[in-house]
Q: 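Quick one: the structure is below, and I'll ask about it shortly.
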Amino acid sequence: MLEGKVVMITGASSGIGAAAARLFARQGAAVSVMARRAELLNLLVDEITAAGGNALAVSGDVTRDRDVADAVARTADRFGGLDAAFNNAGYATAGQVLHEIEEEVYAHTMAVNVRGVWNCLAHQIPAMLATGRGGAVVNTSSVAGVAATGASAVYVAAKHAVIGMTKAAAADYGARGVRVNALVVGSTRTEMMDQVIARTPQLEQVFMDAAVQKRMADPAEVARAAAWLCSDLSSFVTGAAVPVDGGATALCD
């Protein structure tokens with residue numbers, strides 16, 4: 001599905017990002033994986049290359065513009081361009097009502113989820129335009145991007161912003177061959193989810209009950225949707241917020 005594509009994946013040290021890196025490589029892509037934890041990225045690249053894939057680890061923080069610029073440049077230099085990107089890095093909190101959220105939590109949540117996606121789009125899209133081939137970007141949003149959930153108010157606000165940014169970028173670059181979509185991701189068994197549940201155990205059942213299927217997703221299930229949106233199989237899909245949520249948004253007003 002992704003044969004010959006060069007794909008950059010952020011938030012790739014665990015969870016959905018790591019699952020996507022494995023899947024994209026199996027589908028024929030050369031993958032560049034970015035996250036802050038270099039040791040986990042290196043282990044992931046070793047795993048992919050041992051299985052016959054092609055991968056590059058670039059440690060960095062998506063909230064820092066210079067880190068993202070470096071990751072995009074290194075990806076293009078190594079693989080000869082950039083065809084697609086999966087902007088998956090995120091940060092979530094839960095268990096506090098709006099007025100109880102500390103300023104530091106607000107700032108970090110917005111920095112990772114909003115500024116991080118902004119930084120990525122600002123560097124990835126010019127790299128795609130430079131190839132003359134166009135490209136595809138997938139941004140990870142959430143059910144919290146379309147409705148209030150058990151997550152914090154700042155996370156809800158940030159994921160709404162990701163969908164808005166996705167639609168605006170799709171409109172800006174559609175005529176130039178770059179598609180931009182978002183995933184509306186439901187509760188998923190990731191390291192970040194485990195941390196949220198550890199702090200607020202009662203949310204585990206709340207999150208599972210929110211889905212029609214009454215369970216959480218496996219990261220690989222979300223990765224498969226991202227792979228399709230990054231591939232040419234979704235060539236007429238742009239500006240969309242695609243649910244991968246076990247039916248949770250079907251229950252929203």
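Computed from a predicted model, the values in this text were never measured in an experiment.
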Q: Rounded to the nearest 0.5 Å, what separation is found between the OG1 atom of Thr149 and the CZ atom of Phe207?
A: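 Rounded to the nearest 0.5 Å, the OG1-CZ separation comes out at 6.0 Å.
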Q: Can you tell me if CZ on Arg37 sees more than 12 non-hydrogen neighbours from other groups inside 6.0 Å?
A: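 It does: Arg37 CZ has more than 12 such atoms within range.
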Q: Check whether any side-chain N or O of Asn181 sits under 3.5 Å from a backbone N or O of Ala240 as a donor-acceptor pair, and report yes or no.
A: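 Answer holds: yes.
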Q: Let me confirm one number: the CE-CZ distance from Met128 to Arg176, rounded to the nearest 0.5 Å.
A: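 It comes to 13.0 Å.
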Q: Once you round to the nearest 0.5 Å, how far does CD1 of Ile9 lie from CZ of Arg22?
A: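 Answer rounded to 0.5 Å: 10.5 Å.
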Q: So do the side chains of Asp232 and Lys5 get within less than 4.5 Å of each other, counting heavy atoms only?
A: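 Yes, close enough: below the 4.5 Å cut-off.
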Q: Taking the side chain as every heavy atom from C-beta outward, state whether Val137 and Tyr173 have any atom pair closer than 4.5 Å.
A: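 Of all side-chain heavy-atom pairs linking Tyr173 with Val137, none is under 4.5 Å.
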Q: When you measure from the side chain of Asp67 to the backbone of Ser59, do you find a donor-acceptor pair of N or O atoms at a distance under 3.5 Å?
A: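 Not at all, since once roles are kept as given, no pair shorter than 3.5 Å links the two residues.
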Q: Distance-only, no hydrogens or angles: does the Asn87 side chain make a donor-acceptor pair with backbone N or O of Cys120 under 3.5 Å?
A: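 No, Asn87 side chain to Cys120 backbone: no donor-acceptor pair under 3.5 Å.
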Q: Any non-hydrogen side-chain atom of Val156 less than 4.5 Å from a side-chain atom of His160?
A: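 Val156 reaches His160 side chain to side chain.
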Q: Working to the nearest 0.5 angstrom, can you tell me the gap between Leu23 CG and Met1 CE?
A: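 Going from the CG atom of Leu23 to the CE atom of Met1 covers 6.0 Å.
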Q: Check this for me: does any side-chain nitrogen of one of Arg189 and Glu221 sit under 4.0 Å from a carboxylate oxygen of the other?
A: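 No.
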Q: Are Phe79 and Val72 connected in the hydrophobic side-chain network, where two residues link if heavy atoms are under 4.5 Å apart?
A: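 Yes; tracing contacts between hydrophobic side chains, which count when under 4.5 Å, links both residues.
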Q: Can you spot which of Asn119, Val58, Val62 makes a side chain to side chain contact (heavy atoms under 4.5 Å, CB included) with Thr10?
A: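 The residue from Asn119, Val58, Val62 that satisfies side chain to side chain contact (heavy atoms under 4.5 Å, CB included) with Thr10 turns out to be Val62.
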Q: If we only count heavy atoms from C-beta on, is the Met216 to Ile197 side-chain gap below 4.5 Å?
A: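 In short, these two side chains touch, coming nearer than 4.5 Å.
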Q: Taking all non-hydrogen atoms of both residues into account, name the closest pair between Val162 and Ser141 and its distance.
A: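 So the minimum-distance heavy-atom pair works out to CG1-CB, 4.0 Å.
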Q: Would you say Val112 and Val185 are hydrophobically clustered, going by side-chain heavy atoms of ILVMFWY under 4.5 Å?
A: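 Cluster IDs for Val112 and Val185 differ.
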Q: To check you understand the geometry: which heavy-atom pair defines the closest contact between Val178 and Leu129, and what is its length?
A: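 So the minimum-distance heavy-atom pair works out to CG2-CD2, 3.8 Å.
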Q: Tell me if a side-chain donor or acceptor on Arg179 pairs with a main-chain N or O of Ser234 at a distance below 3.5 Å.
A: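 Yes: the side chain of Arg179 pairs with the backbone of Ser234.
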Q: Do Val45 and Leu40 share a hydrophobic cluster (ILVMFWY, side-chain heavy atoms under 4.5 Å, transitive)?
A: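 Shared cluster, no.
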Q: Kindly compute the distance separating CD (Gln195) from CE (Met192), expressed to the nearest 0.5 Å.
A: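 Output value for this atom pair is 8.5 Å.
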Q: Which heavy atom in Asn113 sits nearest to a heavy atom in Ala158, and how many Å separate them?
A: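 Answer, listing the atom of Asn113 first, then Ala158: CB-CB, 3.7 Å.
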Q: Determine whether Ile16 and Ile48 fall in the same hydrophobic cluster, where Ile, Leu, Val, Met, Phe, Trp and Tyr are linked whenever their side-chain heavy atoms lie under 4.5 Å apart.
A: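 Cluster IDs for Ile16 and Ile48 match.
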Q: Are Met193 and Ser187 close enough that some pair of their side-chain heavy atoms sits under 4.5 Å apart?
A: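 Result yes, sub-4.5 Å side-chain heavy-atom pair found.
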Q: For the pair Thr238 (side chain) and Val180 (backbone), establish whether a donor and an acceptor sit closer than 3.5 Å, ignoring hydrogens and angles.
A: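 Such a contact is found between Thr238 side chain and Val180 backbone.
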Q: Do Met34 and Val68 come close enough that some side-chain heavy atom pair is under 4.5 Å?
A: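 Met34 reaches Val68 side chain to side chain.
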Q: Which distance, rounded to the nearest 0.5 Å, do you find between the CE of Met165 and the CG of Leu121?
A: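 Between atom CE of Met165 and atom CG of Leu121 there are 6.5 Å.
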Q: Taking all non-hydrogen atoms of both residues, which atom of Val6 and which atom of Gly81 are closest, and how far apart?
A: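 Val6 and Gly81 have their closest heavy atoms at CG1-O, 3.2 Å.
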Q: Kindly say whether Thr140 contributes a backbone atom to a donor-acceptor pair with the side chain of Lys159 at under 3.5 angstrom?
A: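 Yes, Lys159 side chain to Thr140 backbone: donor-acceptor pair under 3.5 Å.
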Q: Return yes if some donor-acceptor pair links the side-chain N/O of Thr188 with the main-chain N/O of Gly186 below 3.5 Å, else return no.
A: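 At least one qualifying donor-acceptor pair exists.
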Q: Just to verify, which of Asn139, Asn88, Leu229 counts as forming a side chain to side chain contact (heavy atoms under 4.5 Å, CB included) with Leu183?
A: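 The passing option is Leu229.
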Q: Please determine which of Asp209, Val212, Val143 meets the side chain to side chain contact (heavy atoms under 4.5 Å, CB included) test together with Leu251.
A: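 Result: among Asp209, Val212, Val143, Val212 is the only option passing the side chain to side chain contact (heavy atoms under 4.5 Å, CB included) with Leu251.
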Q: Mind checking whether Val33 and Leu56 sit in one hydrophobic cluster, side chains of I, L, V, M, F, W, Y counted as touching below 4.5 Å?
A: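 In one cluster: no.
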Q: Measuring only between side-chain heavy atoms, which start at C-beta, is Thr93 closer than 4.5 Å to Ile101?
A: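 They are not in contact (no side-chain heavy atoms under 4.5 Å apart), so the answer is no.
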Q: Using a cut-off of 6.0 Å, state whether more than 12 heavy atoms not belonging to Arg36 lie near its atom CZ.
A: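 No, not enclosed.
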